[in-house]
Chemist: 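Sending over a structure as structure tokens; questions will come in a sec.
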Amino acid sequence: MRLSGKVAIVTGAGAGIGRATAERFSEEGARVVVADVDEAAGRGTADAIVRAGREAMFVKTDVSVERDARELVERCLAAHRRLDVLVNNAAAFVLEGLDAQAADWQRSLGTNVVGTAMVSRFAAAAMKDGGGGAIVNLGSISAFVAQPAFVTYSVTKAAIVQMTRNMALDLAPANIRVNCVCPGTILTRASRDHMERTGTTLDEFIAEEGPKHLLGRVGTPREVANAILFLASDEASFITGPHLMVDGGYTAR
């Protein structure tokens, strides 16, 4: 198993890509710390892993709050005495254009950018003490393509792509690899919430979004989780700094 004996934190693991990643990691032998601001969803993921006979614990976490970020890592270390992998998946899907209010920007930047930085800060310190580790950040195709009324989201994902490069440079001497996965359109709870807000049916959503990808369809959370698993594992031992597009060819046009 690719993560046998390793301990991993996955933020935003209550649903979608985060849940799929937590489940894939546990299937590959990791002890998983499930972090989410939604207690019911986060406990649901951890409980499902435990019911499958594997090991997981839940820590309610708002990554935009520095105290929560610190306590997440502290509780991981208290339970497992080590941290090998961090997946920064937690995100606020604030989809607004230039008419966005300051509160919209603060929520988007606070979770997506500051949250990623804060959890990484405390996780990296723990990894240094343990001799190294791997961090995988979640970017998006939205970091590379313009989409209508997406500015509050897109700029945060572009920041994460650059943050990954800088973190990779700074943490390489400590044997900590940092990489970024950039999904295309993935059918998640967030995309279903977007459909509900816009009055779009599932069939309409797939018919509109699928053809934008060379493969002619939208992706699944597990397909993204498989890419995250690779970058978190020792199979990617000589990879640090880049972004991996998991977008069905969306950005290849």
Side-chain angles (χ1 to χ4, degrees), residues 1-13 17-35 49 54-57 59 61 63 69-70 72-77 79-91 112-113 115-140 157 160-183 221-246:
M1 291 192 288
R2 285 179 278 183
L3 297 180
S4 180
K6 294 192 176 183
V7 175
I9 291 175
V10 182
T11 69
I17 293 169
R19 176 165 181 151
T21 300
E23 291 173 342
R24 281 297 286 125
F25 278 19
S26 72
E27 291 167 5
E28 292 291 336
R31 290 171 285 170
V32 182
V33 179
V34 173
I49 292 171
R54 299 184 290 268
E55 191 170 348
M57 61 179 283
V59 180
T61 308
V63 299
R70 180 190 298 110
L72 170 61
V73 175
E74 288 176 347
R75 287 190 58 184
C76 172
L77 294 176
H80 301 298
R81 297 193 172 129
R82 63 183 296 161
L83 174 60
D84 303 286
V85 178
L86 167 65
V87 178
N88 283 306
N89 171 72
N112 301 358
V113 179
T116 294
M118 287 299 97
V119 179
S120 296
R121 170 189 168 192
F122 297 112
M127 290 176 183
K128 287 176 182 178
D129 290 341
I135 298 173
V136 183
N137 297 324
L138 266 292
S140 171
K157 292 303 182 177
I160 287 170
V161 171
Q162 183 58 37
M163 189 189 304
T164 298
R165 298 187 185 104
N166 283 73
M167 287 170 58
L169 174 65
D170 291 343
L171 295 176
N175 193 35
I176 300 172
R177 297 182 299 104
V178 188
N179 291 290
C180 183
V181 167
C182 294
R222 192 171 178 90
E223 288 176 309
V224 183
N226 286 333
I228 295 170
L229 171 62
F230 165 67
L231 290 173
S233 75
D234 291 340
E235 293 175 359
S237 57
F238 199 53
I239 303 174
T240 194
H243 55 270
L244 173 61
M245 307 305 296
V246 187

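Computed over heavy atoms, backbone and side chain alike; hydrogens, waters and symmetry mates excluded. Please read these numbers as outputs of a predicted model, since none were measured by experiment.
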Chemist: Walk me through it: do E55 and V33 pass the test side-chain contact (heavy atoms from CB on, under 4.5 Å)?
Modeler: CA-CA 9 Å; E55 191 170 348; V33 179; over 6 Å; no
Chemist: With respect to L138, which candidate in I228, N112, T11, N88 satisfies the side-chain contact (heavy atoms from CB on, under 4.5 Å) definition?
Modeler: I228
Chemist: Checking I135 against N179 for the side-chain contact (heavy atoms from CB on, under 4.5 Å) test, could you report, in this order, the C-alpha distance in whole Å, the side-chain angles of both residues, the deciding distance, and whether it holds?
Modeler: CA-CA 6 Å; I135 298 173; N179 291 290; over 6 Å; no
Chemist: Is a donor on one side and an acceptor on the other found under 3.5 Å between the side chain of T21 and the backbone of A225?
Modeler: no
Chemist: Quick one: side chains of residues 165-176, donor-acceptor pairs under 3.5 Å with protein atoms, not counting sequence neighbours, listed by atom name and distance.
Modeler:
unit_1: R165; atom_1: NH1; unit_2: Q162; atom_2: OE1; d: 2.6
unit_1: N166; atom_1: OD1; unit_2: Q162; atom_2: NE2; d: 2.8
unit_1: N175; atom_1: ND2; unit_2: G131; atom_2: O; d: 3.2

Chemist: Look up atom SG in C182 and atom NE2 in H243, then write down how far apart they are to the nearest 0.5 Å.
Modeler: 5.5 Å
Chemist: Which heavy atom of V246 sits nearest a heavy atom of A227, and at what distance?
Modeler: CG2-CB, 3.6 Å
Chemist: Using modelled atom types and a 3.5 Å cut-off, is there a donor and acceptor pairing between side-chain atoms of D84 and backbone atoms of V7?
Modeler: yes
Chemist: Do the side chain of S233 and the main chain of E235 share a donor and acceptor less than 3.5 angstrom apart?
Modeler: yes
Chemist: Is any side-chain heavy atom of L3 less than 4.5 Å from a side-chain heavy atom of L229?
Modeler: yes
Chemist: Work out which heavy atom in M57 is nearest to a heavy atom in R75; give both atom names and the distance.
Modeler: CE-O, 4.1 Å
Chemist: Are V113 and M163 packed together at the side-chain level, in the sense that at least one heavy-atom pair is separated by less than 4.5 angstrom?
Modeler: yes
Chemist: Is the backbone of R2 close enough, under 3.5 Å, to the side chain of E28 for a donor and an acceptor to pair up by distance?
Modeler: yes
Chemist: Quick one: does N89's side chain have a donor or acceptor within less than 3.5 Å of a partner on G12's backbone?
Modeler: yes
Chemist: Looking only at heavy atoms, which two atoms of A13 and V34 are closest? And how far apart?
Modeler: CB-CG1, 3.6 Å
Chemist: Let me confirm one number: the CZ-SG distance from R81 to C76, rounded to the nearest 0.5 Å.
Modeler: 12.5 Å
Chemist: Pair R82, R31 - check side-chain contact (heavy atoms from CB on, under 4.5 Å), show working.
Modeler: CA-CA 10 Å; R82 63 183 296 161; R31 290 171 285 170; 3.9 Å; yes
Chemist: Please name the pair of heavy atoms, one in G29 and one in M1, separated by the smallest distance, quoted to 0.1 Å.
Modeler: N-SD, 3.8 Å
Chemist: Set out, in order, the CA-CA distance, both residues' side-chain angles and the distance that settles side-chain contact (heavy atoms from CB on, under 4.5 Å) for L72 and F122, then state yes or no.
Modeler: CA-CA 9 Å; L72 170 61; F122 297 112; over 6 Å; no
Chemist: If you take all heavy atoms of L231 and A134, which pair is closest and at what distance?
Modeler: O-CB, 4.3 Å
Chemist: If you take all heavy atoms of L83 and M127, which pair is closest and at what distance?
Modeler: O-CG, 3.5 Å
Chemist: Identify, with sequence neighbours excluded, every residue that meets side-chain hydrogen bond (donor to acceptor under 3.5 Å, both in side chains) alongside T116.
Modeler: none
Chemist: Please list, chain by chain and in numerical order, all residues satisfying side-chain hydrogen bond (donor to acceptor under 3.5 Å, both in side chains) with S26, sequence neighbours excluded.
Modeler: R54
Chemist: In Å and rounded to the nearest 0.5 Å, what is the CZ to CD1 distance from F230 to I239?
Modeler: 3.5 Å
Chemist: Determine yes or no for a side-chain-to-main-chain donor-acceptor pair under 3.5 angstrom, with N137 supplying the side chain and C180 the backbone.
Modeler: no
